[in-house]
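A short write-up of the structure that comes next.
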Amino acid sequence: MGADVPVHGSAQVAQKPLPSGVAPRSKAGLTWWQRVGEPALVVLCVIGAWELLTRTGVLPAKDLPPATVIGAAFIGDIQQSRVWEALGATLTSWAVGLAGSILVGIPAGLLLGSSQLAYRLFQPSLEFVRTIPSIAALPLLILLLGTRGYQLAAAMTFLGAVWPIMIQTMYGVRDVDPTTMDAGRAYGLGPFQLFIRIVLPSAFPYIATGLRLGAVVGLLLSVAASLIAGGTGIGFLIVNASFSGVPELVYARIVLTGIVGLGVTLTLVAIESRLLFWHASRRRTVT
Amino acid sequence: MNKLWLALMKGRAFALGVAFALLAAFPNSDANADDHVVFGTVPIAGTAAAWVGNEAGYFKEAGIELEIADAVQFANIVADVMAGTYQFGTVSVGTAAQAIIEGLPIKIVANTYHSAGEQKLMVLSNGPIKTIADLKGKHIGLGGLNNNFQAGIISQMKEAGVDPSTVTFTLISPPDLPASLRNGVVDAAQVNEPGIVGAGTDFTPVIAEPFKPFGERPCNNYVIVRADWAEQNPEIVKRFLTAYNKGAELAASDKEAVIRAVMSFSEIPKETLEKMTMPGFGSDLRQDSFQATIQGMYDLGFLKRLVTVEEAFWSP
């Protein structure tokens with residue numbers, strides 16, 4: 001395959017020894033300090049400012065507890081099994097909904113991208129439907145599925161994730177370089193071979209982006225489902241802490257949800273990086 | 001060959017004998033299984049009776065395996081009861097009445113809790129509002145609009161000579177109402193426990209008994225069931241009510257049991273629970289207060305029509 005040559009070439013470039021005294025750099029040309037240290041410093045500054053503003057009374061400490069109080073609540077909370085059970089319920093619903101959206105979104109996107117007729121017929125409707133906030137479907141889904149069990153959160157995840165996955169896949173297929181397709185045909189590749197060897201690899205970066213976007217939106221909606229409707233997820237635990245009048249626990253659980261979201265995003269970025277090692281956007285460059 | 005066949009047959013006869021003996025010793029577990037019932041609640045102290053009854057073993061005694069499901073809003077509980085995911089649920093008086101008016105086949109079967117001073121209209125202790133008359137032209141935050149709380153305070157404002165049309169009512173999520181009052185977003189706010197204890201001396205009640213126009217300790221929340229399900233399962237409903245009402249009576253007489261129950265489903269610290277004014281519990285349906293509340297809400301235009309006791313309450 002044509003794509004093999006630049007990947008091998010870039011691998012050779014990456015193996016060149018670094019001159020002495022030069023700090024190791026990431027693929028984006030950033031040092032460890034630039035990648036991790038500086039963003040962490042920003043986070044620490046925000047936490048410090050929060051602590052200062054609440055301790056000095058600029059922000060109402062009764063309603064916005066100091067960062068250290070939230071931190072203590074966080075430490076105490078993650079030692080409780082009910083938090084992990086709720087987080088497990090949210091992630092299970094999310095995984096089920098995401099799996100469903102992948103099973104529907106990718107084949108539908110491939111079809112819409114490959115068929116001019118299907119694209120012409122469905123593209124306006126898709127563009128319209130994807131602008132409707134998925135959360136608007138919640139009342140109807142509550143009536144259909146009830147709030148008990150994982151079905152509601154899984155359905156919300158599906159609704160949030162399926163559109164980015166489907167639309168990114170569709171555009172990925174449509175954006176295949178026509179010259180590459182012509183070259184493939186010139187080498188005698190049939191429709192199936194063209195699809196496997198050219199269309200799918202070309203569309204893969206788009207699909208990966210769709211998956212990443214869909215996964216994050218789906219996680220947000222999975223949390224939102226139990227936040228609004230109740231049930232067993234982490235969203236309900238945030239509401240429960242709020243009903244109980246314990247704001248530090250509310251913020252501690254919001255932070256936990258944020259950490260899980262960050263973990264999901266970083267994991268997907270890492271997987272995407274590994275799967276797309278051959279793609280131009282992932283190759284190392286020497287400047 | 002014959003010997004082998006005989007040995008096999010003897011083996012089979014022995015196995016069959018063992019199987020029959022086991023069946024006689026351990027009858028089919030399904031035949032004696034408890035009826036599984038899902039009861040939908042929101043995580044507030046007012047829903048403690050079911051937890052108290054469950055902890056005391058009353059539901060088990062009645063042959064009910066109780067599952068308590070968590071919801072956030074009463075309206076969602078109605079949806080779940082209608083969908084059949086909950087067999088029983090707890091809703092406010094207004095929500096029950098609205099559902100009946102909309103033609104939903106629900107019936108009230110028990111008292112979830114009645115008012116005992118756990119909800120108040122409060123103002124800042126060091127603020128300018130001292131009496132109900134001072135509420136004229138002010139901004140009031142409520143946890144729900146067009147409900148019995150609003151009907152109760154409007155009735156008392158009218159009595160004090162305040163024209164309610166001069167007052168702006170704003171819907172704010174109940175847990176955020178104390179913060180809204182403290183930070184000047186509203187001039188007065190509905191504050192429920194544990195917010196009353198949490199506020200300490202920051203707030204003072206301007207209307208201490210918002211539900212007073214509807215009688216002495218009127219019922220605020222009821223347990224509902226879908227009418228057709230109750231018709232098909234009257235024995236389960238009766239057994240549920242026997243257990244539930246025993247739990248409610250225990251909750252009425254034993255604050256420690258209520259505190260233990262609330263600690264099992266909420267995050268309210270024990271020291272706060274000990275200081276809290278608990279809602280009232282009991283098996284009395286308080287139908288008089290139901291009628292008075294419905295009349296009060298109807299008079300203000302919150303309900304399209306009156307709901308009678310006969311159409312609202314279940315009778316086996």
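Given the structure is predicted, the values throughout are model-derived calculations rather than measurements. Here is the naming used below: chain letters follow the sequence lines, and residue numbers restart at 1 for every chain. Only this structure's heavy atoms are used, side chains among them; waters, hydrogens and symmetry mates stay out.
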Segment of [X] engaging chain A (4.5 angstrom heavy-atom cut-off):
X	value
B/Met276	neither
B/Glu193	neither
B/Asp202	side chain
B/Val197	neither

Taking the six-membered ring for Trp, are [X] and [Y] closer than 6.0 Å centroid to centroid?
X	Y	result
B/Phe88	B/Trp229	yes
B/Phe240	B/Phe59	yes
B/Tyr86	B/Phe39	no

Point to revise | salt bridge (Lys or Arg N to Asp or Glu O under 4.0 Å) between B/Lys275 and B/Glu271, intermediate numbers included | key: CA-CA 7 Å; B/Lys275 290 179 198 162; B/Glu271 56 271 24; over 6 Å; no
Would you mind checking which part of [X] comes under 4.5 Å of any heavy atom in chain B, side chain (CB onward), backbone (N, CA, C, O), both or neither?
X	answer
A/Leu64	neither
A/Phe243	both
A/Leu143	both
A/Leu144	neither
A/Thr232	neither

Review point. Taking atom CG of A/Leu141 and atom CE of A/Met156, what is their separation to the nearest 0.5 Å?
Key: 6.5 Å
Check your understanding: Charged N to carboxylate O below 4.0 Å: is that the case for B/Lys304 and B/Glu102?
Key -> yes
Practice item. Identify which of A/Ile228, A/Val239, A/Leu227 forms the greatest number of heavy-atom pairs closer than 4.5 Å to chain B. Key: A/Ile228
Point to revise | Any donor-acceptor N/O pair, A/Glu248 side chain to A/Ala73 backbone, under 3.5 Å | key: no
Review point. Heavy-atom count around B/Tyr113 OH within 6.0 Å, excluding the residue itself: above 12?
Key: yes
Revision key, fill the gap. Answer key: most heavy-atom pairs under 4.5 Å with chain A among B/Ala83, B/Pro194, B/Ala69 is B/Pro194
**Study point:** Most chain A-contacting option - heavy-atom pairs closer than 4.5 Å, from B/Asp70, B/Ile268, B/Thr85
**Key:** B/Asp70
